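FYI, the numbering just counts along the sequence from 1. The structure displayed is predicted, hence computed values, not measured ones.
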Amino acid sequence: MTPTPAASAPPAPTPPTGPARPRRLLRAVAVVACLPYLALKAAWIGGSRVGIPEGSSLLDHRVALIVGNGVSVLLDSCVIVLALVLTRPWGRRVPAWSLAFPVWVATGLLAPIMAGYPLQLLARAVTGGAGTAAGPRREPFLDEWVFGVVYGGFIVQGLALGALFVLYARDRWGWLWRGRTRDLPAAVTGGTPPRAATAVAAVLALFPLVVRLLWACGSTAGLGADRAADRTSDFHVLEGLYVGFLVLAVAAGVALAFRRARGLPVAVPLATAWVCSGAVACWGGWMLLASLIGPDEPADRPTQLMILTYAAQMTVGLLLAASGARLLAGRSAAARVRP
């Protein structure tokens, strides 16, 4: 039987066919976009208070500030490394897993910012300001210009790095997402591990989904006293966004593992699962880490429900990512052994 195009043996990797100048330009944009954020974080670690107003809670927890900013400096520095890997000839010899994982993490951390910050600005324009808190206003966390510099830089980083990865992945692995969902071999999608992981993730996702939906709609159930009092339109936008990422991540995972939406190009649920599982897992993990090393004051400390929500969200994202990785590995192996 003649194999279908989706199942044919993969072609040998070829050097990038597109012009080198656009890739070099994208690389430069990604690197330059990192510099303001790295400089600001380094200044804070060194003791500077630039952008931090008097009375900010950041000034109350020096150790947590150093640890948190140190981790974020390390993560953003990885963007520079990834930009080099995606554009240098030696980057095509990097093992797939050692490149895919950090790019997945970077995608997951940047996607909610790229989608959320413009929506927050829109919500502020509609509400006539930064939103209305439920209680008395406390001192601002950071000067307003800091958010514009940091999130603006993140958006530029995400666009540049995303474009570079699409070009790189198209050259090296483009055959993996050819065809439509119905073309995925049953031997690849029908295995017990991917389907079991997806099913567990879909059930477990109901918990963080319901909790975040309640928070997005105005409920304060499970929120700490200070967190509940400081809610603004920004808070509600982000909670609604996490609900959307959870729904899309599970829907894409189900479409791939159970071959639903059979007429869709494989690239659609695959890209959706990539972005949304990363957003769900990485931000769930980041907020869980922040909760564990956060403030000691009872009013500021995350509640047990918040911690469980973050942990469940992280687990859902990791399960869906593992299912997608198993599917891609299975499709690659199946294609390579066909005549």
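The shortest distance between side-chain heavy atoms of V71 and W286 falls below 4.5 Å. No side-chain heavy atom of L320 sits less than 4.5 Å from a side-chain heavy atom of V280. In this structure the side chain of W90 reaches within 4.5 angstrom of the side chain of V85, judged on heavy atoms. Between C282 and W104 there is a side-chain heavy-atom pair separated by less than 4.5 Å. When side chains are defined from C-beta on, L99 counts as touching L86, because their heavy atoms get closer than 4.5 Å. Considering only heavy atoms from C-beta on, V149 stays 4.5 Å or farther from Y37 through its side chain. Looking at heavy atoms from C-beta onward, D143 lies out of side-chain contact with I52 at the 4.5 angstrom threshold.
Other residues, nucleotides and ligands contribute more than 12 heavy atoms inside 6.0 Å of the CH2 atom of W145.
Of the charged side-chain nitrogens involved, none lies within less than 4.0 Å of a carboxylate oxygen, so that E239 and R231 do not count as a salt-bridged pair. Here R124 pairs with D234 in a salt bridge; the nearest charged N to carboxylate O distance falls below 4.0 Å.
The backbone N or O of M306 lies less than 3.5 Å from a partner atom in the side chain of T303, making a donor-acceptor pair. Counting only distance, with no hydrogens or angles, the side chain of R180 and the backbone of G263 share a donor-acceptor pair below 3.5 Å. With S56 contributing its side chain and P53 its backbone, the two residues share no donor-acceptor pair below 3.5 Å. Of the possible polar contacts, none joining the W274 side chain to the T107 backbone as a donor-acceptor pair under 3.5 Å is found.
With rounding to the nearest 0.5 Å, the separation of CG in L121 from CZ in F147 is 11.5 Å. Note that the OG1 atom of T198 and the CG atom of L256 stand 8.0 Å from one another [nearest 0.5 Å]. Distance check, rounded to the nearest 0.5 Å: CD of Q120 to CG of L241 gives 8.5 Å. Taking CG from L26 and CZ from R21, the interatomic distance works out to 13.0 Å, rounded to the nearest 0.5 Å. One finds the CG atom of L74 at 12.5 Å from the NZ atom of K41 (value rounded to the nearest 0.5 Å). Annotation: the span from W44 atom CH2 to R62 atom CZ amounts to 12.0 Å, rounded to 0.5 Å.
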Does the pair L167 and R23 meet the rule for a side chain to side chain contact (heavy atoms under 4.5 Å, CB included), with working shown?
CA-CA 9 Å; L167 293 172; R23 299 181 193 235; 3.7 Å; yes
What's the verdict on side chain to side chain contact (heavy atoms under 4.5 Å, CB included) for L84 and V31, showing C-alpha distance, side-chain angles and the deciding distance?
CA-CA 9 Å; L84 293 173; V31 172; 5.8 Å; no
Check against ring-ring contact (aromatic ring centres under 6.0 Å, His included), Y168 and W173
CA-CA 8 Å; Y168 180 99; W173 304 302; 5.7 Å; yes
Take S277 and F245 through the side chain to side chain contact (heavy atoms under 4.5 Å, CB included) test and state the conclusion after the steps.
CA-CA 8 Å; S277 69; F245 278 121; over 6 Å; no
Could you check I113 against W283 for side chain to side chain contact (heavy atoms under 4.5 Å, CB included), going step by step and ending with a plain yes or no?
CA-CA 10 Å; I113 295 173; W283 275 100; 3.9 Å; yes
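Cluster annotation: V268 is not connected to F165 through the hydrophobic network of ILVMFWY side chains, with a link wherever side-chain heavy atoms come within less than 4.5 Å. At a threshold of 4.5 Å between side-chain heavy atoms, the hydrophobic network of Ile, Leu, Val, Met, Phe, Trp and Tyr places L305 and M287 in one connected group. Cluster annotation: M114 and V156 are assigned to distinct hydrophobic clusters (Ile/Leu/Val/Met/Phe/Trp/Tyr, side-chain heavy-atom contacts under 4.5 Å, transitive). Hydrophobic clustering places V146 together with L110 (ILVMFWY residues linked when any side-chain heavy atoms are closer than 4.5 Å, directly or through intermediates). Side-chain heavy atoms closer than 4.5 Å link hydrophobic residues (I, L, V, M, F, W, Y) into clusters, and following such links, possibly through other members, connects L238 to I155.
A donor and an acceptor atom, one from each side chain of R27 and T87, are located under 3.5 Å apart. With no hydrogens or angles considered, no side-chain donor-acceptor pair links W215 and T309 at under 3.5 Å.
For G116 against V237, the heavy-atom pair with the smallest separation is O-CG1, 4.1 Å. Contact detail for Q157 and D76: the closest heavy-atom pair is OE1-OD1, 2.7 Å. The nearest pair of heavy atoms linking R92 to D171 is NH1-CB, 3.6 Å. Taking every heavy atom of both residues into account, L248 and T272 meet most closely at O-CG2, 3.8 Å. When every heavy atom of P194 is checked against every heavy atom of S323, the shortest pair comes out as O-OG, 3.1 Å. The nearest pair of heavy atoms linking R259 to T181 is CA-CG2, 3.7 Å.
Across V63, L65, N69, a single residue satisfies side chain to side chain contact (heavy atoms under 4.5 Å, CB included) together with V67, and that is V63.
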